[in-house]
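What you see is a predicted model, and the numbers here were worked out from it, not measured in a lab.
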Amino acid sequence: MGSMEFNHCVKEVFQGACVELFNSLDCSVACAERNDCGLYDAPVACVDAGSKEVELVLGLQMPISLLALTCPVNACIVAVGEEYLEDWISELSNQLIGRVKSKLSSNESDLQLGLPVTYYGADDSELMQQDEKITLYFELDGEVCACYLSVELLVKAEELNSSNYFQEGADDSIRGELELF
């Protein structure tokens, strides 16, 4: 498998993980076009994952209004503080990288996860500078968000064992792991 094929498969996995995450938030999900002005001031939560063969950096950029709409609090949305929303976008990015990991990872090649970090007013191109960057836009209940995934191969594409990452017919609903900090 060449690097282009690997990146295409990673993009499909990433898109599926994004849709699963947004569906779990009870949002109506649709693919969207780039929306520069709506995301300019939106926070970006980034988290990395890596193995001996590949390094991934995931970014999730959501407007504050969408974070407030999706956060799991019983209080009035207006009363949700900015600090809570920063924690919430970090949690969402963590859930998203976890979904990507469970779809990509096998026992032979385990991706190690980092901790999410939230940035405000940052340009996504500064945050993610790997070889290949996948950018997906979604409309969730009328609001646009962006999902980024940078992919850096640490070995030559010919040396990459793609079967360690992509398993035919694997049932993702029964795979997973719990990591305690």
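For the pair L113 and A49, the tightest heavy-atom approach, listed with the atom from each and the gap, is CD2-CB, 3.6 Å. Closest of all the heavy-atom pairs between I89 and M62 is CD1-N, 3.9 Å. Nearest heavy atom pair, residue F138 against residue A32, reads C-CB, 3.8 Å. Considering all non-hydrogen atoms of both residues, L115 and D48 come closest at N-OD1, 4.5 Å. In this structure, S51 and L154 approach most closely via the heavy-atom pair O-CD1, 3.5 Å. Considering every non-hydrogen atom in both R99 and S24, the closest pair reads NH2-OG, 3.5 Å.
Inter-residue side-chain proximity for V151 and F6 is flagged as met; some heavy-atom pair is nearer than 4.5 Å. Here the side chains of M4 and H8 are not in contact, with every heavy-atom distance at 4.5 Å or above. Here the side chains of L39 and P63 are in contact, with some heavy-atom distance below 4.5 Å. The shortest side-chain heavy-atom distance between Q15 and C31 falls under the 4.5 Å cut-off.
In this structure, the separation between SG on C18 and CG on L92 is 11.0 Å, given to the nearest 0.5 Å. The distance from the CD atom of E143 to the CG atom of L67 is 10.0 Å, given to the nearest 0.5 Å. Here the CZ atom belonging to F14 is positioned 8.0 Å from the CD1 atom belonging to I97, to the nearest 0.5 angstrom. For the atom pair Q112 CD and K52 NZ, the distance stands at 10.5 Å (nearest 0.5 Å). Taking SG of C147 as the start and OH of Y137 as the end, the distance is 10.0 Å to the nearest 0.5 Å.
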From CA spacing to verdict: side chain to side chain contact (heavy atoms under 4.5 Å, CB included), L104, V54: CA-CA 11 Å; L104 287 180; V54 65; over 6 Å; no
L140 and V29: CA distance, side-chain angles, deciding distance, side chain to side chain contact (heavy atoms under 4.5 Å, CB included) verdict: CA-CA 5 Å; L140 309 176; V29 181; 3.9 Å; yes
Derivation and outcome, side chain to side chain contact (heavy atoms under 4.5 Å, CB included), residues T70 and D141: CA-CA 10 Å; T70 60; D141 293 339; over 6 Å; no
CA sep, side-chain torsions, deciding dist, call: K11, L136, side chain to side chain contact (heavy atoms under 4.5 Å, CB included): CA-CA 9 Å; K11 182 178 180 177; L136 303 173; 3.9 Å; yes
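Of the possible polar contacts, none joining the E86 side chain to the T118 backbone as a donor-acceptor pair under 3.5 Å is found. A side-chain donor-acceptor contact under 3.5 Å links Q61 to the backbone of A42.
Remark: E139 pairs with no residue by the side-chain hydrogen bond (donor to acceptor under 3.5 Å, both in side chains) rule, at least two apart or across chains.
Tested against S93 for a side-chain contact (heavy atoms from CB on, under 4.5 Å), the candidates V44, V117, L60, L21 yield a single pass: L60.
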